[in-house]
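Just follow the structure's listing: the first ligand is 1, and inside any ligand the first atom is 1. This one's a predicted model, so the numbers in the text were calculated from it and none came from an experiment.
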Amino acid sequence: MFEHLDLNESDLIVDTLGEAKTPSPLKLSTVYGDRIANYVRDTESVLLYHDRDVVLSQLKEGKPLLAFELAGPRQNIYFRPEKTRAGIVTCGGLCPGINNVIRSIVMTLHYRYGVRVIYGFRYGYRGFIKKYGYEPLFLTPENVRDIHEKGGSILSSSRGSQDMEEVVNTLERMGISILFVIGGDGTMRGAYEIYSIIKQRGLEISIIGIPKTIDNDIAYVEKTFGLETAFSVAADAIRAAHTEAIGAPNGIGLVKVMGRLSGFIAANAALALNEVNFVLIPEIDFDLYGPKGFFSALERRIKERGHCVIVVAEGAGQQYVRAEGTDESGNPKLGDIGVFLKSEIKKFFMNDVGIEVNLKYIDPSYMVRSVPANPHDSMYCMQLAQNAVHAGMAGKTGMLVGRWNGRFTHVPIKLAIKKRKQLSPEDPLWLSVLEATGQPMMMVNEPQQSYSSSE
Ligand code: F6P
């Protein structure tokens, strides 16, 4: 619960390019109570800890109350709209909602601020590098009008870093004032590098991140866009697995879902469709064999109920299937725990238990992320994009738009890339999973060492 108390006030300060002197064209109010929507002051904030006891103890100890800057439109902006040139880039794996974000950035820049020059850089950071030869797309409300209906990214994407000095050269040459970077943790590390080079060179270019990943593993962001759509599709796979499991003697439906080293998709999908009996996630170790291991619990379940549904997150149980190396984004490569479990479970029932099981394995794989955003993600994407535009126009930089305690926030990129967010076994979300599945709290024979969350 107190995992963020090692932070200092300075960790949450958002950088700006300079004083915002141009009156915003939005014509909002500065007075609460006049029934007109309001500008947000830089001093408005969202507490990092909103638990009353924590707040009181911090005050008692004379410690500062750590808080994120609140996102939203500012009364004065830094960039003059008629002179502003914006860029958008989408990096990393695809994710539902990318096109919604692109569309809303373009619409907000154009209709709310009057910005007329907006470029979309193609294929991630490669789009800035001459040797790849990708010409940027000129984006207008007209040509982004229908894109939110489609999955993927109209700009396409790529993994991996590039020569960030050259990226900044391109931004400088094209006179870009604000670059919106849509991506996950690897992308944000790249965005931070770009921001640092811009700062070193003393350029007036704002870097604004929009956290995108179905994995929901970005620190200090309550929820990344794409997660909800992804787990809804994963829930369809669970439905199929359950149908198959109850349709055969001793049926076992095994579903593997994406999520890398975080179990959010698995946990949420299991709760979305309450037919799951075991959820295996990277954050919680499990033994296969032995009286307290997973297979003993599975044997009991099959003997008692005659069927079972298991959801395994792709990053779970990596000690059994360890893979070497990292991908282009710097993420550790994962061994295939789904295929491994499929064959080990069959072997266990055949050799150790001596009963027939019917195991059906489903891996929805890229299907969970290549679909269009569902209504809730669509709305979330739009609001992230609107707040990203407000932040960029106000001259904020080196930050991403987050959400904390239900409100949109400004998070320094440097802070967000410090660690990977994972699902803590002490998170109420995990307790819901335990209560919904009835699975043992721990499936290890020896007591586990204390868990240290990276969030
Ligand atoms: O990070 C998003 C994600 O979809 C992960 O859940 C998955 O492990 C990975 O990307 C797949 O990456 P790639 O597109 O490189 O195959």
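- Checked against the 6.0 Å centroid criterion, the rings of Y123 and Y132 do not qualify as a close aromatic pair.
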Derivation and outcome, side chain to side chain donor-acceptor pair (under 3.5 Å), residues R103 and N143: CA-CA 9 Å; R103 183 180 187 275; N143 64 21; over 6 Å; no
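- Screening K342, K256, R322 for a salt bridge (charged side-chain N to carboxylate O under 4.0 Å, His left out) involving D336 leaves a single residue, K256.
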Step-by-step side chain to side chain contact (heavy atoms under 4.5 Å, CB included) determination, Y220 to L7: CA-CA 12 Å; Y220 304 105; L7 295 183; 3.6 Å; yes
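- Closest to atom 2 (C) of ligand 1, if we only count protein heavy atoms, is D215 OD2, 3.3 Å.
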Go through the steps for F340 and L288 under the test side chain to side chain contact (heavy atoms under 4.5 Å, CB included), then give the verdict. CA-CA 12 Å; F340 170 80; L288 292 178; 3.7 Å; yes
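- Taking only non-hydrogen atoms, the option from M258, R159, K212 nearest to atom 12 (O) of ligand 1 is R159.
- Relative to the six-membered ring of Y380, K223 meets both conditions, a distance below 6.0 Å and an angle of at most 45° to the axis.
- The atoms of ligand 1 that sit less than 4.0 Å from any heavy atom of Y366 are 13 (P), 14 (O), 16 (O).
- For E328, no heavy-atom contact with ligand 1 is shorter than 4.0 Å.
- A heavy-atom separation below 4.0 Å is not found between D327 and ligand 1.
- If you check which protein heavy atom lies closest to atom 11 (C) of ligand 1, you get R369 NH1, 3.5 Å.
- By the criterion of a heavy-atom distance under 4.0 Å, the side chain of I214, and not its backbone, is placed next to ligand 1.
- Proximity of G259 to ligand 1 is established by a heavy-atom distance of less than 4.0 Å.
- In terms of protein heavy-atom proximity, atom 9 (C) of ligand 1 is closest to R260 NH2, 3.4 Å.
- Taking the centre and axis of the six-membered ring of Y195, the NZ or CZ atom of K414 falls outside the cone set by 45° and 6.0 Å.
- At the top of the distance list for atom 8 (O) of ligand 1, counting protein heavy atoms only, stands E314 OE2, 2.5 Å.
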